[in-house]
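What follows is one structure encoded as structure tokens, with my remarks underneath.
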Amino acid sequence: RRSDAATIPRAGFANEQALLLISQNAVSLLNEVLKEQNQRPVGSRHFRPNMVVRGIDDSSDHHIEDDWKVLTLTRNGLALNTKGSCARCAMVDFDPYSGKKGKTLRALARYRRRKGQITFGVFLQAMEGRGRDRDDSWIEEGDEVLCR
């Protein structure tokens, strides 16, 4: 007999939401801070995101994703709500390729501390009825995303 707990939908291998988005601009800004601190640069994989957005106007805010409410994939209409900022832990200090420890969290703490948490990236969740149930509701590298 299955328990009620077994039927509760949950995200596998996710801390708070199934999707995490960061911008390449935010990673570039972090790398500027790391360079000032004589630390190695990091890549987006340090943050284990599902989505990395590129092509944002460089004159815009480097963490513009903090202000987005809805993202829509132009190819299939899939709409994603932002569900809040991602609080970071010491895992971001470890290079995902070599396992070497850096000081990424310390650099983030210098300028990304909010309400006692160090944040980087935003969580996303598919909106009901906005492309979510379609057979083509997948995300591919290179997809164009409208953000508002």
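The line from CD1 of Ile22 to NE2 of His63 is 10.0 Å long, rounded to the nearest 0.5 Å. If you take CH2 on Trp68 and CG on Leu80, they are separated by 11.5 Å, rounding to the nearest 0.5 Å. From Leu20, atom CG reaches atom CD of Glu65 across 9.5 Å, with rounding to the nearest 0.5 Å. From Ser44, atom OG reaches atom CZ of Arg54 across 6.0 Å, with rounding to the nearest 0.5 Å.
No single ILVMFWY cluster, assembled from side-chain heavy atoms under 4.5 Å apart, contains both Val52 and Val122. Taking hydrophobic clusters as Ile, Leu, Val, Met, Phe, Trp and Tyr residues chained together by side-chain heavy-atom distances below 4.5 Å, Val42 shares a cluster with Tyr111. Cluster membership check: Met51 does not share its hydrophobic cluster with Phe47, using side-chain heavy-atom separations under 4.5 Å among Ile, Leu, Val, Met, Phe, Trp and Tyr.
In this structure, Leu30 and Val27 have side chains that are not in contact, with every pair of non-hydrogen atoms separated by 4.5 Å or more. Side chains of Leu124 and Thr82 form a contact here, defined as non-hydrogen atoms less than 4.5 Å apart. Contact annotation: the side chain of Asn25 never approaches that of Ile64 to less than 4.5 Å [non-hydrogen atoms, C-beta and beyond].
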For residues 98-106, please give each side-chain donor-acceptor pair under 3.5 Å, one per line with the distance, not counting sequence neighbours.
unit_1: Ser98; atom_1: OG; unit_2: Lys100; atom_2: N; d: 3.1
unit_1: Thr104; atom_1: OG1; unit_2: Val92; atom_2: O; d: 3.3

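Between Thr72 and Ala79, the shortest heavy-atom contact is OG1-CB, 4.1 Å.
Side-chain atoms of Asn81 never come within 3.5 Å of backbone atoms of Lys83 as a donor-acceptor pair (strictly under, hydrogens ignored). Checked by atom type and distance alone, the side chain of Arg88 pairs as donor or acceptor with a backbone atom of Phe120 at under 3.5 Å.
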Item to check | Test side-chain contact (heavy atoms from CB on, under 4.5 Å) applied to Leu21 and Asn50, step by step | outcome: CA-CA 6 Å; Leu21 175 140; Asn50 304 90; over 6 Å; no

Checklist entry - So Arg112 and Asp66, side-chain contact (heavy atoms from CB on, under 4.5 Å) or not? Walk me through it. => result CA-CA 11 Å; Arg112 292 293 296 171; Asp66 291 341; 2.9 Å; yes

